[in-house]
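Every chain is numbered from 1, with letters handed out A, B, ... down the list of sequences. Every value quoted in this text rests on a predicted model; they were computed, and no experiment measured them.
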Amino acid sequence: MNYNYKEIEKKWQDRWYKEKSFKAIDFHPTKPKYYVLYEFYNISGNLHMGHMKGTIPADALARFKRFKGYNVLFPIGGDAFGLPAENAAIKTGIDPHEFVSNGLNNVLEQSRQLGLSFDWDRTICTSDPEYYKWTQWIFLQLFKHGKAYKEKSKVNFCPHCQTVLSNEDSQGGKCDRCGNDVVQEVRWSWFLKMREYAEKLLGNIDRINMAENLKEAQRNWIGRSEGTQIKFAIYNDKEEKVGDLEIFTTCVETVYGITYVALAPENSLVDKLKPYIKNWKDVEDYRKKTALRTELDRLSDQKDKTGARLEGLYVVNPVNNKKVPMFIADFVLNGYATGAVMAVPSHDQRDYEFAEKFNIPKIQIIEGDTSKCAVEKKEYLSKNSKMINSAEFSGMPVKEAKKKIAQKLIDMGVAEIKVNYKMTDWAFNRQRYWGEPFPIVLCSHCGEVALDEKDLPLVLPKVKDYMPNEKGDSPLSKAKDWVECKCPKCGRPAKRETDTMPNWAGSSWYWLRYADPHNDKAIADYEKLKYWGSVDCYTGGTEHITRHVLYAFFWQNFLYEIGAVPTRDPFVRKMGSGLILDSEGKKMSKSSANGVSPLEVIDKYGTDVARMHVHFLGGYEDNTPWTYDGINGITSFIDRVWSLQDMVKGEGVSKEHIYELSVLNKKLCDDYENLKLNTAISALMTFVKKIKEDGFITKEELRQFLIFLNPLAPHITSEMYERVFNAQILDQSWPDYDEKNLIKSSVEIAVQVNSKIIAKANIDTSLNKEEILSQVKEEDKVKELLNGKTIVKEIYVPNRLVNLIVK
RNA sequence: GCUGGUGUGGCGGAAUGGCAGACGCACGGGACUUAAAAUCCCGAGGUGGCAACACCGUGUGGGUUCGACUCCCACCACCAGCACCA
């Protein structure tokens, strides 16, 4: 009888859905909880191979844990705000609400076809008012606790999308969404005080179980650096002190080599010093020129340094009272530290290049050859070179001088130890329609006023025109009836904030909502949050992982601190799935010509085969090229499994198979836990091979085998279980195995003399070392080699090998 | 440039410091068949040899060890992230 996958897979998918087979139970009286999360779907169209790669291991883990007696929460939802819906609206006029509702139904239906064991009753969608009510609520809490503020400042702005972008959204000076150049614009913008959380986020990173490269990317993003902040007095040309310049440095050892200081062109100190600057016209010209350059421009010509001298001003180096000229230069970033640098051309290549261009002298203060380029930190620290030209520190090893010079400056009262971060506050508003409206009213009398919590959700009004206006204001500004309102504080006429929140907002807390998705009193019931706790295993792609996880950490920390959630760590473990690559080794996407849809594979081969094939190609976190090659091997494996029904002989576990069955059990426990589906599949194949060789399988062996295979191939195993045992496989629990059955009664070991294999020996595993050694020494080949020699060492590795070292 | 990761047959890929190449694909041979497909069995890292067997083999070069794909040092290549961060 052939296996009809089309009919049988449909039968089980429908039954699981109808019977709510994978419902997670709040406060289960006996079972411990286990929370498996797959990154919710970005609603844009159909599921693709990446989803197949990401969801199946999570599903297998969820199914495995249920057999192991856990109360498993495995939910899914839609990340619906953002560009796909908004672009479709602009392009085709389709209402984003409709786009999202169709799209979500579509991907949920496709998820069923993948056999995913989600709890469908917990499905959420970020663009539903019942959901974004709570996104708005979280924003209100941030606002009330002083963690959200509106400020006029220079932000990344994409002229094409007409919207503000966070630093994270505009890496490399390109808009993350449309790829066009991003410019710097001064605008009123909302910020969240994420920088304040830098140390806490670093703590989250240390605690989470996640691949090292992903952790490093996050630490790098936060960009913590420790150093010394030094205060330099500023003087005008009449030798009058006119201010102070604070400069952060990680190379305090080089202070004796300072020959100029440079400020970011935008640094507000420059405006304050305007009266003393003799060449204001030049300075102003330079500032205008740099303001026009895009971020990308500024970054692209790192070799060509530009700047302007602030004539009439200088600072005094506190260690030697030397006068040091001041410049502005666009290589100095206004957003980092104090927006100013102390330049030591002899020991920093960037300072060296600027000095060459502007004919500034160089003072070498650490040994080395500085004739052609700077001797930088990496080099002089690794050699622990000696100081020169540095007053009382000359001759001292640089590592020692570093500490002493810092101390001297601190003792002088002009410096302090300081920590800086690259990460900035989170620019949190966008000029887009399809996002969460801010629950904020702008009142000319009271300023920014929060809506009352009872007035949430503030529902996004329906509009016809999805484009920003010519001033770059959000599309919502055109919805006059909605914008005009009364100030909740003073009752005067006021206007709503018309910007919306970024796409990241809804995804920065969604795992919490699954604990209690229909609650209209709180983001989720506190006791339920306590019960479900942190996500035990969180899977998903790696594309936006750095940002997403950092935002998640940030909000969870904040919610924890205001008492809304019981834990500081959202996730115990995060796995980033590798990519499915096309035949050219590029990421497979819908747009790539040879993108293969999972539904196509399912249609041709069946869901169970598709699930196994994708994961037999490689490990979860590895990129794997897609190919149909090899899928026949999986199909024939599934056919062989089906044919096991006709080979049943006997009841309990046979002595012929007890060892193989126990080894398989143990291997699968490890592999499912670690999402190593490729080796799990090979272990299952090896077992079937053995059964085929022996020509029989007992009833109990088949029963256990079906449970073992179920997490990977849920359909065929459910069907066979019902046929052979007249019971439901989902009601079963994972079989136990006895450790003692993991050892065979006899085993072949390698026999080595002087670490070279010279023979194989069958040994009885109950024998001890001495007995085995004497048995081995009786082998002809061994005797021959031992003849006339002395054994100096005997090594025995149980069940593996014997190694005799002779002289 | 910096940081992290990865380098194993024709291919995808396995190996708690202990018999490298499991499992699978593709390949070769055989059985069944009028024939083919399907299925089943056997073979297979490389070089030499009819063979037993010998030698060489996990990016390169060193080291530690009785023993190294695995640990250490240096280098090379590829992938990813960051990149004028003071």
Salt bridge check, A:Glu246 against A:Lys418: does any charged N sit closer than 4.0 Å to a carboxylate O? no

Could you tell me the Watson-Crick or G-U partner of B:G61, where both distances fall under 3.5 Å? Say none if there is no partner. B:C73

Say we look at B:U47 and B:C40: how far apart would their P atoms be, to the nearest angstrom? 30 Å

So what does A:Lys377 touch, heavy atoms closer than 4.0 Å: a base, only the sugar-phosphate, or nothing? nothing

Among B:C66, B:G5, B:C19, which nucleotide sits nearest the side chain of A:Ile757? B:C19

Between A:Arg800 and B:C19, is there a contact of a side-chain N or O with OP1 or OP2 at under 4.0 Å? yes

With rounding to the closest Å, how many angstrom separate the P atoms on B:C27 and B:A37? 12 Å

Among B:G13, B:C84, B:A15, which nucleotide sits nearest the side chain of A:Asp330? B:C84

Whole-Å distance, A:Ile545 CD1 to B:G5 P, equals 16 Å

Say you pick atom P in B:G24 and the same atom in B:A44; how far apart are they, in whole Å? 15 Å

A:Phe232 pairs by side chain to side chain contact (heavy atoms under 4.5 Å, CB included) with which of A:Val316, A:Val324, A:Val414, A:Ile247? A:Ile247

Please give, in whole Å, the distance from B:G4 P to A:Glu216 CD? 6 Å

Whole angstroms only, please: what is the CG-P distance between A:Leu579 and B:A80? 9 Å

When rounded to the nearest Å, what value does the distance between P atoms of B:U60 and B:G7 take? 13 Å

Distance test, side-chain N/O of A:Arg224 to OP1/OP2 of B:C85, below 4.0 Å: no

Base of B:C66 paired with side chain of A:Asn803 (donor-acceptor, under 3.5 Å): yes

Any chance the rings of A:Tyr197 and A:Phe553 have centres within less than 6.0 Å? no

Within the sub-3.5 Å range, which N or O atoms of nucleotides 37-39 of chain B have a protein N or O partner, and how far apart are they?
none

Which nucleotide in the list B:C2, B:C19, B:A86 gets nearest to the side chain of A:Lys378? B:C2

Check the orientation of A:Tyr551 and A:Trp426. Use parallel for under 30°, tilted for 30 to 60°, and perpendicular for over 60°. parallel

Interatomic distance at P, B:C69 relative to B:G63, whole Å: 15 Å

To the nearest 0.5 Å, tell me how far A:His347 NE2 sits from A:Tyr352 OH. 11.5 Å

With a 4.0 Å cut-off, would you call A:Lys305 and A:Asp351 a salt bridge? no

Between A:Lys756 and B:G18, is there a contact of a side-chain N or O with OP1 or OP2 at under 4.0 Å? no

For B:C19 and B:U70, measure between their C1' atoms and round to the nearest Å. 16 Å

Nucleotide opposite B:G81 in a Watson-Crick or G-U pair, distances under 3.5 Å: B:C2

Side chain of A:Thr679: nearest nucleotide among B:A86, B:C19, B:A14? B:A14

Quick one: look up who B:A38 pairs with, Watson-Crick or G-U, both distances under 3.5 Å, and put none if it's unpaired. none

For the residue pair A:Tyr3 and A:Trp642, does the interplanar ring angle fall in the parallel (under 30°), tilted (30 to 60°) or perpendicular (over 60°) class? tilted

Atom pair distance, as rounded to whole Å: NZ in A:Lys53 and C1' in B:G12: 11 Å

Taking the ring of A:Tyr260 and the ring of A:Phe354, is the distance between their centroids below 6.0 Å? yes

Rounded to whole angstrom units, what separation is found between the CZ atom of A:Phe327 and the P atom of B:A86? 22 Å

Within the structure, does a side-chain N or O atom of A:Lys689 lie under 4.0 Å from either OP1 or OP2 of B:C23? yes

Same-atom distance (C1') from B:G45 to B:U39, integer angstrom: 29 Å

Mind calculating the distance between CD (A:Glu621) and P (B:U6) to the nearest angstrom? 11 Å

Rounded to the nearest Å, what distance is computed from the CG atom of residue A:Asn220 to the C1' atom of nucleotide B:A83? 8 Å

Are A:Asn678 and B:A14 close enough that a side-chain N or O sits under 4.0 Å from OP1 or OP2? yes

What is the distance, to the nearest angstrom, from the CD atom on A:Glu673 to the P atom on B:U16? 18 Å

Considering only NZ, NE, NH1 and NH2 on the basic side and carboxylate oxygens on the acidic side, decide whether A:Lys362 and A:Glu356 come within less than 4.0 Å. yes

Is there a side-chain polar atom (N or O) of A:Ser682 under 4.0 Å from OP1 or OP2 of B:G13? no

Using the P atom in both, what is the distance from B:A77 to B:A26, to the nearest Å? 36 Å

Of A:Leu214 and A:Glu693, the one whose nearest nucleotide on RNA chain B sits closer to the 5' end is A:Leu214

